2 protein chains.
Amino acid sequence: MERSTKNKLIWTAAKLFQEKGFNGVGLNEILTVSGVPKGSLYHHFPNGKTDLALAAAGFVHGEMTRIIDEAFGEATSYRDGATTLFHKLAKLFELMGKHSACPVSHILFGEPENADFQKRTSEVFDAWIAQIVGHAERLGETPDAARAAARHLFVVLQGGWTLARARQDSYELRRLPELLFDG
Amino acid sequence: MERSTKNKLIWTAAKLFQEKGFNGVGLNEILTVSGVPKGSLYHHFPNGKTDLALAAAGFVHGEMTRIIDEAFGEATSYRDGATTLFHKLAKLFELMGKHSACPVSHILFGEPENADFQKRTSEVFDAWIAQIVGHAERLGETPDAARAAARHLFVVLQGGWTLARARQDSYELRRLPELLFDG
DNA sequence: ACACGACTAGACCGATCGGTCTAGCGATGA
DNA sequence: TCATCGCTAGACCGATCGGTCTAGTCGTGT
């Protein structure tokens, strides 16, 4: 990602929002950390903080999409792909300092009355699940099995991430495949 | 719960924090909704907002403990108990307006740098899992199976709640038993 | 050389934040 | 009757919030 002013803002905002939530981060903090003045923020994001949050959510959505494709692209079975995905996310979780929540939910759940945030969250979740369904079918699962498996994976990932965060331990993410496949 | 001033504060704070998170709710909003003046808040909670949040988390912890015991108390098998639990929580979710997140995590994850919040979250989660392990063993599961089942239930509950919130649909909670038992 | 548009820079604004402080109410016991 | 004390009541505080506005910088096309 090219380190333009705009991208620095998005990257910094995404990181901070994931740690502390939309309402837990002030513009001044984002500005100080990214080293960008306030005028630039409102040039690139005329609607201010909400615009920036939506852009940050879009960025992490793209990153997550890429990670999912990478994990399943190398795999020879659905189980392999899912296991790789959890290990990749565990590494990401460590990289973020073991404080971050599921990127999208933590950025966009802060303002439940904001219809844009609400809609976007739902869309992103649907997109992830559909993407995993696609990989599952490609790797030989029947459509029904693929849909059930994708939902199960998504739900377990969300919950496992919460537990990992509470315990500050990425192992909670790495052991999730047991839950899916050895239960 | 007796409707004393202190309890009105706890109850209101719990509801609002669940919807909007710790940083998404101002003291003035809590005070207005509950109809309590600021002086009373600082009389009952000398350390202000953080005290109140910990009390609210303790309250929802107790409620959740009660719900878990009720669900498994009526049950003749672990599967029955778990299914009842999900239905009870789906009803609760509807009652709260389909905006609320997992009570404890949303109240206490707002300030990841606050060690008290961090510790309390982890403790509450551990307590819930231990409680479910107890019920599972009582209902005939082996210790190993009970521990695996309890973790699976907890993780699926957390993730399913997130999905239910994103889609504003309590059915996402009601269908979780399929994931646990028909996968 | 000059004009113009994209972008940077930060002073400044009213509103709201969490928190403090003093005054007073009202039940209880001496 | 009056002193006491748990609690209510809300005015007030400095800090910080998200957002606006003007001035200036820089690169590019003419």
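So you know, we letter chains A, B, ... as the sequences are listed, proteins then strands, and number each from 1. Model, not experiment: these values are computed from the prediction.
Sorted by first then second residue, the salt bridge (charged side-chain N to carboxylate O under 4.0 Å, His left out) pairs that include residues 91-107 of chain A, not counting sequence neighbours, are A:Glu94-A:Arg174. Sorted by first and then second residue, the pairs that involve residues 57-70 of chain A and meet salt bridge (charged side-chain N to carboxylate O under 4.0 Å, His left out), not counting sequence neighbours, are A:Glu63-A:Arg66, A:Arg66-A:Glu70, A:Glu70-A:Lys88. Residue pairs meeting the ring pair (Phe, Tyr, Trp, His ring centres under 6.0 Å) criterion with at least one partner in residues 102-126 of chain B, sequence neighbours excluded, are B:Phe22-B:Phe117, B:Phe125-B:Trp128, B:Phe125-B:Phe154. Identified under the salt bridge (charged side-chain N to carboxylate O under 4.0 Å, His left out) test for residues 33-57 of chain B, with sequence neighbours left out: none.
Per the geometry, CG belonging to B:Asn7 stands 11 Å off P belonging to D:dT8, to the nearest Å.
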Under 3.5 Å, which donor-acceptor pairs do the side chains of residues 139-149 of chain A form with other protein atoms, sequence neighbours left out?
unit_1: A:Thr142; atom_1: OG1; unit_2: A:Ala145; atom_2: N; d: 3.2
unit_1: A:Asp144; atom_1: OD1; unit_2: A:Arg147; atom_2: NH2; d: 2.7

Nucleotides 8-24 of chain C: protein proximity per nucleotide (B base, S sugar-phosphate only, - neither; heavy atom, under 4.0 Å): BBBB-----SBBB----
